[in-house]
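Notes to accompany the following structure.
Small disclaimer: the values here were computed from a predicted structure and weren't measured. Chain naming here is simple, since letters A, B, ... match the order of the sequence lines and numbering starts at 1 in each.
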Amino acid sequence: NAGVTQTPKFRILKIGQSMTLQCTQDMNHNYMYWYRQDPGMGLKLIYYSVGAGITDKGEVPNGYNVSRSTTEDFPLRLELAAPSQTSVYFCASSYETSSYEQYFGPGTRLTVT
Amino acid sequence: GNSVTQMEGPVTLSEEAFLTINCTYTATGYPSLFWYVQYPGEGLQLLLKATKADDKGSNKGFEATYRKETTSFHLEKGSVQVSDSAVYFCALSGGATNKLIFGTGTLLAVQP
């Protein structure tokens, strides 16, 4: 049971390039989330999904897209990278229960220059 | 809207000192409350949680009590260790989509 895995661990992009951050969970969780963590700012929710085929925007969705074709995978797409997207990105998942506990991946550190 | 406020860091303590990290919240309804810990270079891990008023969450010597009257969920530990050095996040949740609202995090540095 690997939990939540994310790839890559690190990436440097040039302005205007695109990339996909991968996230996979093997716990059969319905709910999945993408957060970004900026220094001193806590975590901000980018997008979330309550099941395969269903996604919705969080607090800071601009510049990102997501898809959820399977229960296991929830990739995050950056189409035109900007320096403001330099951050650490975390994927998380949870059961559909009343306890709301989320399980986090190890993160992807992205730098846009 | 819902929000979480936690004390700013860094908090620097000597080993075996008593720890308190303050957390207060604003929320409608009856949210669940959490403390997550992030060790250097890692993702967040759930440390403890409380799902209703007066519940006490505890784990690894850490405790926090859900106080509805003061809208608080302060984290405490009686004797910290160097290995407790990390960033601690207070969070709340509520609603049908399990979304979490995080505080800004408090860096704890424990010196030997």
Side-chain angles (χ1 to χ4, degrees), chain A residues 2-7 9-10 21 23-25 27 29-51 54-61 66 68 74 87-109, chain B residues 1-11 21 23-25 27 29-53 55 57 59 64 66 73 86-108:
Chain A
V4 179
T5 57
Q6 293 182 239
T7 57
K9 289 191 188 320
F10 305 94
L21 283 66
C23 175
T24 300
Q25 54 91 9
M27 297 175 282
H29 287 171
N30 276 345
Y31 293 0
M32 295 187 74
Y33 314 83
W34 274 106
Y35 295 91
R36 57 178 288 171
Q37 182 181 30
D38 300 324
M41 298 296 290
L43 280 76
K44 299 291 186 185
L45 182 65
I46 304 171
Y47 270 95
Y48 67 97
S49 169
V50 300
I54 306 170
T55 63
D56 207 348
K57 297 177 181 179
E59 292 177 83
V60 290
V66 293
R68 183 95 182 271
F74 191 41
S87 190
V88 181
Y89 291 84
F90 289 101
C91 180
S93 69
S94 72
Y95 289 112
E96 186 180 351
T97 69
S98 61
S99 67
Y100 305 106
E101 177 178 345
Q102 293 186 13
Y103 297 79
F104 283 78
T108 294
R109 184 174 295 276
Chain B
N2 295 353
S3 66
V4 174
T5 303
Q6 60 180 107
M7 64 187 289
E8 291 194 16
V11 173
I21 300 178
C23 172
T24 57
Y25 68 91
Y30 303 95
S32 295
L33 299 173
F34 304 84
W35 278 101
Y36 279 83
V37 59
Q38 184 181 30
Y39 297 103
E42 298 183 10
L44 279 72
Q45 304 173 25
L46 179 66
L47 180 60
L48 55 84
K49 65 183 181 185
T51 57
K52 61 183 187 297
D55 268 3
N59 186 26
Y66 189 164
F73 193 55
V87 179
Y88 292 81
F89 291 92
C90 185
L92 68 81
S93 72
T97 55
N98 291 11
K99 286 189 286 186
L100 290 175
I101 306 290
F102 286 90
T104 54
T106 302
L107 174 63
L108 170 66

If you compare all heavy atoms of B:Leu44 against all heavy atoms of A:Phe104, which two are closest, and at what distance to 0.1 Å?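 Scanning both residues completely, I find the closest heavy atoms to be O-CB, 3.3 Å.
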Can you tell me how far OG1 of B:Thr104 sits from CG of A:Leu43, rounded to the nearest 0.5 angstrom?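 A:Leu43 CG to B:Thr104 OG1: 11.0 Å, rounded to 0.5 Å.
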Going from CD on A:Gln102 to CZ on B:Phe34, what distance comes out if it is rounded to the nearest 0.5 angstrom?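 Result: 8.0 Å between the selected atoms.
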Contacting region of A:Glu59 [heavy-atom separation from chain B under 4.5 Å]: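 Answer is neither: A:Glu59 stays 4.5 Å or more from chain B.
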Proximity breakdown for B:Leu46 and chain A, heavy-atom pairs closer than 4.5 Å: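 For B:Leu46, the contact with chain A is made by the side chain alone.
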Under 4.5 Å from any heavy atom of chain A - which part of B:Glu8: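 Contact with chain A is absent: no heavy atom of B:Glu8 under 4.5 Å.
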